[in-house]
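Working notes, beginning with the structure itself.
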Amino acid sequence: MNTFAKIALRNILRNKRRSLITISAVGIGLGALIFIWSFVEGAHRQMITNYTSYITSPVQVQPAGYQTNPKLERALDNSAALDARIRQNPTVRATSPRIRAEGLIASSEASVGTVILGVHPSREILVSTLNKRIAKGTFLQDGDDQQIIIGKDMATNLNVGLEDKVVFMSQAADGSIASGAYYVKGIVDSGVTEIDKGLAIITFTAADELFVMDGRPSQIAVQLHAVEESTQTAAGLRTALNDPELEVLAWNTVSPILQQWLDYDNTFIWIIVVIVMIVVAIGIMNTVLMGVLERTREFGILLALGTKEGQIIAMVGWESVFLGLIGTAAGLFLGLTSSLYFQETGVDLTIFTDALNAFYMEPVIRPCLNFKYTFLSGVMVLATSVIVSIYPAWTAAKLVPVKAIRSI
Amino acid sequence: MSKIRVDNLSKVYVTGKNIETPALSGITLEIEPREFLAIAGTSGSGKTTLLNLIGSLDAPTAGTIHFGHTEVTGMSKNELAEFRKDHIGFVFQAYNLINTLTALENVEYIMLLQGVAPAERRRRAADLLTRVGLEKYLDHFPNQMSGGQQQRVAVARAIVSEPSVILADEPTANLDSKTSEQLLDLMLELNREKGTTFVFSTHDPMVIGKVARVVNLKDGRIAP
Ligand SMILES: Nc1ncnc2c1ncn2[C@@H]1O[C@H](COP(=O)(O)OP(=O)(O)OP(=O)(O)O)[C@@H](O)[C@H]1O
Ligand SMILES: [Mg+2]
């Protein structure tokens with residue numbers, strides 16, 4: 001081994017306790033960073049997965065302009081052929097054509113505004129998990145053309161329960177009055193206000209008849225094997241379909257607010273990153289600087305013997321590199337094992353269930369180890385530990401031999 | 001091997017708020033190759049200052065120092081480091097060694113800086129340590145050796161790269177008289193064997209008695 005590296009390594013071993021404290025600080029900091037990053041990544045994935053398994057699916061195919069102006073007469077022609085072509089994409093897991101409209105829903109006591117979806121129940125449950133969020137009653141089945149699913153807050157506002165009759169009113173695609181009566185079959189408790197308060201679901205057949213759609217859906221909801229691939233799949237479908245009459249949108253275009261929230265959350269993590277880096281920097285700088293200061297005489301002798309400034313800098317630099325490397329190894333070990341362990345078992349946050357639901361999160365969050373962020377954290381910690389060694393190294397190299405030797 | 005010429009050398013230390021302490025004034029001195037020279041004088045007379053200046057560890061206020069035809073005063077910091085490495089060996093009063101290196105590695109260190117091949121380095125360092133009677137201590141660290149043993153390692157380290165001059169500032173100050181005498185005899189032998197110039201400071205009468213030439217310093221000047 002290079003003698004300067006050897007001297008550096010022995011200096012680390014010379015003050016074991018101090019080195020150990022530094023290595024622990026670096027290791028715990030990095031480990032925590034990796035874990036937090038995995039945790040947030042897991043939470044984000046869960047939020048996206050949950051969000052895209054209710055109403056907004058990972059990808060939606062709809063008539064061009066529908067997103068900004070969702071008029072009922074904007075609907076998809078030849079939807080069966082279109083649907084078949086969408087399913088050819090290997091990342092697509094399932095599709096569900098939907099009729100979507102807005103209107104007024106009324107009981108004998110009250111009326112509220114609502115979004116109404118017309119779906120094929122047997123296909124919808126492959127795209128959406130709302131059927132698993134039925135608090136009372138059951139989800140629709142194919143042929144339940146007189147039945148309706150509503151949210152739990154809407155049920156409260158209308159003061160209706162299972163089997164009760166509600167009336168929906170709106171305007172049909174041809175401009176005529178659309179009005180139908182349905183019996184409550186199930187009540188959804190998703191924890192998401194906009195769904196529990198303002199969503200009703202009937203069958204596609206019922207909606208087709210009510211709105212006079214001639215079998216044309218407003219959109220085709222597309223569920224994927226991997227939700228992370230939403231953006232790429234949307235782009236791929238856009239190219240494959242190559243139809244200016246259509247718009248293919250990923251969930252983050254449909255709901256920029258959620259994306260912004262995730263981005264904001266990521267910014268917050270960067271603040272933690274900066275704090276961890278400062279702790280690492282101070283820890284290593286302290287150890288190395290103390291080591292340099294208590295060895296002033298030794299550096300004086302090294303200089304007197306003809307050691308050059310650059311060689312002194314290398315010697316001190318190696319110390320930081322070794323501390324940084326060992327600390328990084330410890331941190332990677334801690335971060336990886338904790339992330340992988342909780343990736344298996346999940347982190348149980350049941351006590352916060354209500355708050356979590358509102359953010360599309362579940363009480364058990366599974367961290368998701370992200371290779372990119374883990375690698376990045378390791379590199380940043382290592383780089384920080386090398387950068388902070390510059391000052392102590394410089395201090396040692398700039399010593400004047402006589403003065404250094406005099407100070408015992 | 002070349003003659004060392006010290007010409008009209010002065011050193012004034014400036015401390016605190018422009019307090020000037022003249023430590024050396026107008027020192028002129030010639031040191032012949034192979035000489036064994038003691039610089040004697042009371043405490044504060046300027047012995048350490050003179051050795052530090054000759055060893056280019058510090059810069060003079062005025063005057064010049066030549067090693068042969070090379071003027072040392074006025075070189076850059078890195079040039080001086082290079083010069084020390086190749087031409088000067090040092091033995092300090094105490095705590096001379098690098099604590100994280102073994103006796104053998106301490107003696108190898110300068111040869112390492114000089115780029116001597118590892119096997120050659122090890123052989124020369126081991127030979128010399130054997131020569132100074134430390135063959136059993138090659139792998140000992142400084143804190144595992146006595147003061148006298150450490151000083152012998154320091155002498156071995158100073159001489160191993162065969163510099164033209166070895167400067168030793170009170171090398172025996174921390175040793176008992178018997179150990180001091182052994183160390184001095186060792187240095188005298190090496191001086192005769194290898195022809196290395198030795199310049200060292202002392203106020204030990206035993207040491208002064210064994211030396212061919214003594215330069216007396218008094219208040220920073222050479223006393224007649
Ligand atoms: N770094 C310094 N700053 C200020 N004055 C100094 C410094 N070093 C030495 N001096 C002064 O210079 C003079 C000579 O000091 P020097 O150390 O050379 O004496 P010395 O002969 O080696 O003494 P000793 O036998 O005690 O080691 C003394 O008056 C001392 O106080
Ligand atoms: Mg002195």
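Since the structure is predicted, the reported quantities are computational estimates derived from the model, not experimental observations. All values below come from the heavy atoms of this structure, side chains included, with hydrogens, waters and symmetry mates left out. Naming: A, B, ... by sequence-line order, numbering from 1 per chain.
Identified by a heavy-atom distance below 4.5 Å to chain B, the contributing residues of residues 386-399 of chain A are A397(A), K398(A), L399(A), in residue-number order. Identified by a heavy-atom distance below 4.5 Å to chain B, the contributing residues of residues 309-320 of chain A are E309(A), Q311(A), M315(A), in residue-number order.
For L113(B), the part sitting under 4.5 Å from any heavy atom of chain A is the side chain, from C-beta outward, and nothing else. For I110(B), the part lying near chain A is the side chain, with the backbone staying farther off; criterion is any non-hydrogen pair under 4.5 Å. If you measure heavy-atom distances from D86(B) to chain A, you find no contacts under 4.5 Å at all.
The pair R10(A)-E105(B) meets the salt-bridge criterion, since a charged nitrogen lies less than 4.0 angstrom from a carboxylate oxygen.
The closest donor-acceptor contact from the side chain of R84(B) to the backbone of L303(A) lies under 3.5 Å.
Annotation: side chain of L302(A) is in contact with side chain of Y109(B) (closest heavy-atom distance under 4.5 Å). Side chains of K85(B) and T307(A) form no contact here, defined as non-hydrogen atoms less than 4.5 Å apart. At a threshold of 4.5 Å between non-hydrogen side-chain atoms, the residues T100(B) and E298(A) count as touching.
The number of heavy-atom neighbours closer than 6.0 Å to CD of E193(B), taken from other residues, nucleotides and ligands shown, is above 12. Annotation: Y137(B), atom OH; neighbour count of heavy atoms from other residues, nucleotides and ligands within 6.0 Å does not exceed 12.
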Side-chain donor/acceptor pairs under 3.5 Å, residues 17-31 of chain A, sequence neighbours excluded:
{"unit_1": "R18(A)", "atom_1": "NH2", "unit_2": "E294(A)", "atom_2": "OE2", "d": "3.1"}
{"unit_1": "S19(A)", "atom_1": "OG", "unit_2": "I12(A)", "atom_2": "O", "d": "2.7"}
{"unit_1": "S19(A)", "atom_1": "OG", "unit_2": "N15(A)", "atom_2": "O", "d": "3.0"}
{"unit_1": "T22(A)", "atom_1": "OG1", "unit_2": "R18(A)", "atom_2": "O", "d": "2.9"}
{"unit_1": "T22(A)", "atom_1": "OG1", "unit_2": "T287(A)", "atom_2": "OG1", "d": "2.3"}
{"unit_1": "S24(A)", "atom_1": "OG", "unit_2": "L20(A)", "atom_2": "O", "d": "2.6"}

Going by atom type alone, with no hydrogens or angles, which donor-acceptor pairs under 3.5 Å involve a side-chain atom of residues 272-282 of chain A and a protein atom two or more places apart or on another chain?
none

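To the nearest 0.5 Å, the span separating CG on L101(B) from CD1 on I7(A) amounts to 4.0 Å. L112(B) CG to F4(A) CZ: the interatomic distance, rounded to the nearest 0.5 Å, is 6.0 Å.
The two residues F92(B) and A304(A) have their closest heavy-atom pair at CZ-CB, 3.8 Å.
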Practice task
Take I301(A) and R157(B) through the side-chain contact (heavy atoms from CB on, under 4.5 Å) test and state the conclusion after the steps.
Solution key: CA-CA 12 Å; I301(A) 288 169; R157(B) 180 184 64 188; 4.0 Å; yes
